[in-house]
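Okay, structure first, notes after.
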There are 2 protein chains.
Amino acid sequence: MNSRFVMAAHVLGMLALHEREDAITVTSEAMAESIQTNPVVVRRLLGDLSRAGLVETKRGAGGGVRLARAPESITLCDIYKAVGEGAELFGRHPAGPNPMCPVAPMVAEYLEEVFRRAEAAVHQSLGGTTVAQMSHEVDKRIRALGGKGCR
Amino acid sequence: MNSRFVMAAHVLGMLALHEREDAITVTSEAMAESIQTNPVVVRRLLGDLSRAGLVETKRGAGGGVRLARAPESITLCDIYKAVGEGAELFGRHPAGPNPMCPVAPMVAEYLEEVFRRAEAAVHQSLGGTTVAQMSHEVDKRIRALGGKGCR
DNA sequence: CGATATGTAACTTCGGCGGTTCCAAATCGT
DNA sequence: ACGATTTGGAACCGCCGAAGTTACATATCG
């Protein structure tokens, strides 16, 4: 799978941390530096997250990004769905099952049900963690090392 | 994710069906035709499945593949582990978190725990289905359409 | 010994994704 | 009004992994 989910979770985690310190919005460039990627890549993610109603962005000087909702109300499953839309957890082989063979389509069809169950299991697992929990835990570990905030 | 899991499940499903009809082994070429891929691709999969102790292969004339264990004792999770060894369900971004930023490594570390839980959820979900169940269900659907076996 | 099948190495091809550049649009301060 | 800043997004490049393909070695049966 893509690393989009990891980056998106990283973004939301940072926003939750900064929200606690102060209400200042964060720029895509600052986040790109933390993730070690290009600001444009971050903005592409932000587009999905914004459409999903998880973050709010503001253009222009002094603009940036902040959480659109309370971090307690955002789960990792929300993020997963926001950035993974259309992407399947399990890949099918491109050609599909042989329609001439009577068993192949049936196997493929049955596997789709299995995949739906597995996907639901992932959703439930990710849904058990909120962005607030994540930021709390991360914050705890940062303090344990005596560090201060990023920037 | 790769389509290796789909193909491997397809292979095991076919073997279970043929085991019921008769004890004849199936050739990699016949399975490749059903999956619509190259026989070599199937054999690569069979290598993993064989090493995992799920199938037995026999070389030479009259050779082929058959299940190494009772289909009731093989779960889809076994297949998943056999062919997905080393592959991660969630992709990390290549560069990794910025070690200069105090929050990035902590976020990455925390996400690893989240991923382990999600991966475990998938294992449990897939572990709830056996190859025998799959072949029964597929067999039922084939009969519902009045078809006969493949080849 | 020849036909058949697996086992595997080596190479090619192709698609997806992250990275990059570039510009439009919006917002703020002066 | 103008320039600085920052998001939005189109367009393209390059890399990497996986499937596909070819070729050949090995094993087994009649």
Side-chain angles (χ1 to χ4, degrees), chain A residues 1-8 10-11 15 24-33 35-52 54-66 68 83-98 151, chain B residues 1-8 10-11 15 24-33 35-52 54-66 68 83-98 151:
Chain A
M1 189 204 177
N2 352 0
S3 58
R4 288 165 54 82
F5 175 61
V6 183
M7 294 198 266
H10 196 132
V11 163
L15 291 178
I24 291 177
T25 58
V26 189
T27 69
S28 63
E29 192 172 359
M31 292 191 287
E33 190 177 346
I35 305 181
Q36 281 201 135
T37 186
N38 198 290
V40 177
V41 174
V42 174
R43 280 188 222 127
R44 277 202 284 249
L45 281 175
L46 289 174
D48 291 334
L49 296 174
S50 175
R51 273 184 288 275
L54 303 182
V55 302
E56 279 175 352
T57 58
K58 196 172 138 196
R59 287 184 171 185
V65 193
R66 66 178 174 192
V83 301
E85 199 60 33
E88 300 285 350
L89 187 56
F90 298 94
R92 288 68 168 164
H93 61 278
N98 189 345
R151 307 225 130 218
Chain B
M1 191 205 175
N2 345 356
S3 57
R4 289 166 53 82
F5 176 60
V6 183
M7 294 199 266
H10 196 131
V11 163
L15 291 178
I24 291 177
T25 57
V26 189
T27 69
S28 63
E29 192 172 359
M31 292 191 287
E33 191 177 346
I35 306 181
Q36 282 200 134
T37 185
N38 197 291
V40 176
V41 175
V42 174
R43 281 188 221 130
R44 277 202 284 250
L45 279 174
L46 290 173
D48 290 335
L49 296 174
S50 176
R51 273 183 287 275
L54 303 182
V55 302
E56 279 174 354
T57 59
K58 195 171 137 195
R59 287 183 170 185
V65 193
R66 66 178 174 192
V83 302
E85 199 59 32
E88 300 286 349
L89 188 55
F90 299 94
R92 287 69 168 164
H93 60 279
N98 188 344
R151 305 228 129 213

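Residue numbers begin at 1 in each chain, while the letters A, B, ... track the order of the sequences.
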Using a 3.5 Å distance criterion without hydrogens, assess whether the side chain of [X] forms a donor-acceptor pair with backbone atoms of [Y].
{"X": "B:Ser3", "Y": "B:Val6", "answer": "no"}
{"X": "A:Asn98", "Y": "B:Glu33", "answer": "yes"}
{"X": "A:Glu29", "Y": "A:Pro39", "answer": "no"}

[atom1] of [X] versus [atom2] of [N]: gap in Å, rounded?
{"X": "A:Arg4", "N": "C:dG19", "atom1": "CZ", "atom2": "P", "answer": "12 Å"}
{"X": "A:Met7", "N": "C:dG19", "atom1": "CE", "atom2": "C1'", "answer": "10 Å"}
{"X": "B:Asn38", "N": "C:dC14", "atom1": "CG", "atom2": "C1'", "answer": "15 Å"}

Legend entry - A:Leu45, A:Val41, A:Leu46 screened by side chain to side chain contact (heavy atoms under 4.5 Å, CB included) with A:Met31, the one that passes: A:Leu46
Legend entry - From A:Thr57 atom OG1 to A:Arg66 atom CZ, the distance as rounded to the nearest 0.5 Å: 10.0 Å
Legend entry - Reported CZ-to-CZ distance for the pair A:Arg92 and B:Phe5, which is rounded to 0.5 angstrom: 10.5 Å
Legend entry - B:Thr37 side chain near B:Met7 side chain, heavy-atom distance below 4.5 Å: yes
Legend entry - Side chain proximity check, A:Thr25 to A:Lys58, heavy atoms < 4.5 angstrom: no
Inset, instruction - Name every residue in residues 40-49 of chain A that has at least one heavy atom under 4.0 Å from any atom of DNA chain D, in order of residue number, or write none if there are no such residues. - result: A:Val40, A:Arg43, A:Arg44
Legend entry - Start and end of the DNA chain D segment that chain A contacts, any atom under 4.0 Å from a heavy atom: D:dT5 to D:dA11
Inset, instruction - Using heavy atoms and a sub-4.0 Å distance, could you list which residues of residues 54-65 of chain B are near DNA chain C? By number, please. - result: B:Thr57, B:Lys58, B:Arg59, B:Gly60, B:Ala61, B:Gly64
Inset, instruction - Kindly give the heavy-atom pair with the smallest separation between B:Ile35 and B:Val42, and that separation in Å. - result: CD1-CG2, 4.5 Å
Inset, instruction - Please report the shortest heavy-atom distance between A:Ala68 and A:Glu56, naming the atom on each side. - result: CB-CG, 3.7 Å
Legend entry - N/O (side chain, A:Thr37) to phosphate O (OP1/OP2, C:dG18) under 4.0 Å: no
